[in-house]
Amino acid sequence: MSRKRTSFRTELPLLVWLVLVWGALWRDFSPGNLAFGALIAVVVARIFYLPPVELSGRFNVWRAIPFAAVFLGKVVAASFQVMYLAVFRGPSVSNAVVAVPLRSHSDLMVTATGHVISLIPGSLVVEVDRSTSTLYIHGLNVRNDVDTAKLRKEVQDAEASLIRIMGTNAELEALQAEGRTATRGVGP
Amino acid sequence: MTPNATGADAVIDAVTAVLLIVGALMSLGAAIGLLRFPDLMSRMHAATKPQVLGLFLVLAAIGLQMREWWVWPILVVAWIFQLLTVPVSAHMVGRAGYRTKHLHPELLSTDELEAVVLRAAVKRDAEKAEGSDSAIPRTANGGNAGANRGSVGGPDGSRGPSA
């Protein structure tokens, strides 16, 4: 077989996650159980081979914690919003399919953005164009161009936060450069 | 729940009760959404969001009542798997729904995917026509593509940008 062997370092996050799930399922985090879990994790990762997830190698915990809190808040807001729309608007709700071009072209970033965006208020990924890294998003209760612009900005903001947490250095620099030009443009 | 709870127990019981009731309300909201929203994709919104929060609240209530540390990791894992799988299933159903036209175009204020789909369909038809018979003059190709564009609304199921 002509597949590239995944390096241990790339596989490590996956193995750690598998061991944690093993421990959680057995409700037993004793060293013996975890060691056995690690053995099974390695065997599983070898036999059921999947293309490796290319992590960027950086992870900013200080940005991840507030992001998680904001994310949880948005999930709550989304749920109440959908519930409100379901009860009071129902059949007359107006939607839109909006194309949102993303900055990043990495699969991980597009996937993560798609996941986050599916869980926060009124948006659902309908189609992904991988070649241009564009998400086509179905927005709930999008009535006019103002709402469309808001939805697009929200998606791009979510991507920006994710880049700050775990994007590559190149993506981060591009984002910061973009922020500088934007503030210069708006400034007095 | 303990009947004659006092102090911390009473607080925990009260919080648990609130979490369970709000969690159940969220599931109810999802059910109402499934019934009342007009098309498949708005229903997917109802099926994904309130349900994720509802599960979170119910799991938190279980965690509070069990008073055992070992239950928390499994609850967290359960919720993380929910977070990972719900957007994927919603995306797959939404995408299949869009491609098979289970949507009401009159309810969409804008549809930026449609133009892309039409362009891809026209391009593919042009390529197909060129490949099958290169003797057909250019204008016939254009007419052909135009005719196909008209039939894109039909149930041919072949529209959509190549994924």
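Within every chain, numbering begins at 1; the chains are lettered A, B, ... in the order of the sequence lines, protein sequences first and strands thereafter.
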Looking at [options], which makes the most heavy-atom pairs under 4.5 Å with chain A?
options	result
B:Ala30, B:Pro73, B:Gly33, B:Ala90	B:Pro73
B:Val76, B:Leu34, B:Leu57, B:Leu83	B:Leu83
B:Leu84, B:Val71, B:Thr48, B:Val52	B:Leu84

*asked:* If I measure from the heavy atoms of chain B, does A:Leu85 come under 4.5 Å with its side chain, its backbone, both, or neither?
replied: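 Contact with chain B involves both backbone and side-chain atoms of A:Leu85.
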
_Need one label for A:Arg27: side chain, backbone, both or neither, based on atoms under 4.5 Å from any heavy atom in chain B._
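Its backbone and side chain both get close to chain B.
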
Ion pair [X]/[Y], N-O distance below 4.0 Å:
X	Y	answer
B:Asp39	B:Arg43	no
B:Asp9	B:Arg67	yes
B:Arg99	A:Glu127	yes

*asked:* Taking side chain as everything from C-beta outward and backbone as N, CA, C, O, which of these in B:Trp69 sits under 4.5 Å from a heavy atom of chain A? Side chain, backbone, both or neither.
replied: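 Side chain only.
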
*Interchain contact, B:Leu75 with chain A, by part (heavy-atom threshold 4.5 Å)*: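 Neither; nothing under 4.5 Å.
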
*Side chains of B:Gln65 and B:Thr16: donor-acceptor distance under 3.5 Å anywhere?*
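Per modelled atom types, B:Gln65 and B:Thr16 side chains form a pair under 3.5 Å.
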
*Name the orientation class of the two ring planes belonging to A:Trp22 and A:Phe36 (parallel below 30°, tilted from 30 to 60°, perpendicular beyond 60°).*
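Taking A:Phe36 first and then A:Trp22, their aromatic rings stand perpendicular (interplane angle over 60°).
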
*For this output row, return yes or no: ring centroids of A:Trp17 and B:Phe81 closer than 6.0 angstrom.*
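Centroid separation for A:Trp17 and B:Phe81: below 6.0 Å.
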
